[in-house]
Amino acid sequence: KLDFCDNVRTQGARNAAHTNSTSATECERKRERGNERMKLSVQVGPVAVVVTGTGLLLSSAAAWYLFRRWSSSCHILPHQIRPIDIDKPGRQVDSIRVLLEKEKESGPVVPAKTRLRVVIAGAGLCGALLGVYLANAGFSVIMLEQRGNVASPEAHTAWMHSNSRAVGMTLSPRGIRALRQAGISREEIMGTCVDLEGRAVHQVHGQEARIRWGGSAKEKLKAVDRAALCHLLCRKAIAAGAEIVFEAKCLAINVQESEITYTLHGQEGVFSARGDLIVGADGIHSPVREALNSLISSHSESIPLAWTHLTLSPQGFAARRLHPNFIHVWPRGNILLHCLPSISGRGVCTLIMPKASEGLEWSFGMLASRTKAQCEQICRDLWPDLLEAEPSLVTQLQEARVSQFRQVVCSRFHFSNRAVLIGDAAHATFPFFGQGMNIALEDAQMLAFILQYEGVPLSRKLHIFSEVRVPDGCAVQALSREQYEYLTQTTPSPLQRWRQALQRRLNTLFPSLFYPLKYALVNFCDLSYNDVIEIVHDHSRFLNIGRL
């Protein structure tokens, strides 16, 4: 046993000695390798620093070169974009002023004619607003309106409680600015509107997704009651000195003589209104534009969609628990139901469906017979939540009149110094972007500014108006088509929503480098509609961020 223990101790001592020897050798080797690395780093370090620095410098120079090349070709850079100030005329008025000053310097001196007589066909929103502008500026203004006296309290009350077929309208800061520049107070404007914070998308099974405008909670649109706003503008025009002839039906228009012949409801005889200039503010079926067909190039376009008007009662709106400050949308493929809140508490709805029924589950063509069973079935299939809150939708759909969507394209908006078109008469557009009323109010603001400018011949003034506003009209029509494709998606794809969130975040962090979303550019930025189209094109080249 003692010999065995001695052997074990001896073997252990030998192993320990061997381990110590191996550890010492390994440490020596590591020390030598560390010294070699140190020598190598001392030799290679400066070279690595130079290579890395050169790479960073070249990549930075390439990025700067590409950015400068992109920015030099851009129409407007992000840091040049400003929000709309409703108490100032705006960027486009400044551009028009420059054009008028150049025309004044290069052309002959024209004596001022302060009492220019203007005949306005139509006393709708843009026609009445133009009447306010011109009457306040001292022009002699007469407006011819086919409807009854919309300026009377009785007519306003009746319209407020009727199921008007007007498509629900949104008022953006563009339109508010045009109203404010005419001297209409904020309180008067707000009395016709409801604040809109964003869009609520309702799915088939009741889920709701709310999407706010732009990137700021302060960016809000307005849901405007057309009857209330038209009533306000007509009263303002009359108070400013304009004459409005209601229930006037146009018989003939002599463009060369700036004369409109008309009859009055309930009166015998034929009447005429003659002036220095005819303004066609008479809507999509404009008699003034028809009179100009042989003098300017114009045509209308349509899409295979039709629309009808529906109404949610205040009780139904509340029962469905719809947020009173959101636009509500029920997208069902190529069928779209759109609802705007109103100051009366009702929901003003527009149902958009295909006209023909070829290969489609639902269309207006399939509802030609309009049986109660058909109408009830489509409501149950597409909007079961609404049908439960508003059973009268079935009856409304049975009795509703169906209209076709049309847009009007004109090569120019004027003829010589005799006639000019504004609003839907000049550039009627599909309503999917909600800009038809806003561009019409802008038309009135721009035309009033141009007509008040002295020292330039009237024909050149109208030419400048066409030069500025024709591209904007085409831009709004293009934007509206794109928006319909977006709205009819049942829900935006995850990639699309991620891209939008990314762009909104980039614009918030680096506003001098990244543009806002397209919807924010149109509604809240001091840009022309044509500028927005140019910016979307520029930004898509700089950052492929998809549909803005």
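Hydrogens, waters and symmetry mates are skipped; everything else that's a heavy atom, side chains included, is used.
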Ignoring hydrogens and angles, tell me if any N or O in the side chain of [X] forms a donor-acceptor pair with the backbone of [Y] under 3.5 Å.
X: R289; Y: I284; result: yes
X: R412; Y: V470; result: no
X: S528; Y: D531; result: yes
X: R469; Y: I439; result: yes
X: D472; Y: N530; result: yes
X: N325; Y: D195; result: yes

*asked:* Assess the residue pair V224 and I343 against the criterion (side-chain contact (heavy atoms from CB on, under 4.5 Å)); give the C-alpha distance rounded to whole Å, side-chain angles, the decisive distance to 0.1 Å, and a yes or no.
replied: CA-CA 8 Å; V224 65; I343 57 175; over 6 Å; no

*Is the closest basic N to carboxylate O distance between E390 and R320 below 4.0 Å?*
no

*Salt-bridge test for R481 and E301: reply yes if a basic N is under 4.0 Å from a carboxylate O, no otherwise.*
yes

*Can you sort out the partners of A440 under side-chain contact (heavy atoms from CB on, under 4.5 Å), two or more places apart, ordered by chain and number?*
C126

Enter the distance from [X]:[atom1] to [Y]:[atom2] here, rounded to the nearest 0.5 Å.
X: L129; Y: L125; atom1: CG; atom2: CG; answer: 8.5 Å
X: H328; Y: H323; atom1: NE2; atom2: NE2; answer: 7.5 Å
X: H414; Y: I464; atom1: NE2; atom2: CD1; answer: 10.0 Å
X: F405; Y: F432; atom1: CZ; atom2: CZ; answer: 4.5 Å
X: Q445; Y: I422; atom1: CD; atom2: CD1; answer: 12.0 Å

*So which pairs with a foot in residues 247-256 pass side-chain hydrogen bond (donor to acceptor under 3.5 Å, both in side chains), sequence neighbours left out?*
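Found none.
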
_Can you confirm whether the side chains of S298 and N293 place a donor and an acceptor under 3.5 Å from each other?_
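Yes, side-chain donor-acceptor contact under 3.5 Å.
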
*R210 to F326, cation-pi by 6.0 Å centre distance and 45° axis angle*: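 Checked: cation-pi criterion met.
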
*salt bridge (charged side-chain N to carboxylate O under 4.0 Å, His left out): pairs with one or both residues in residues 174-183, sequence neighbours excluded*: D87-R180, R174-E442, R177-E442, R177-D526

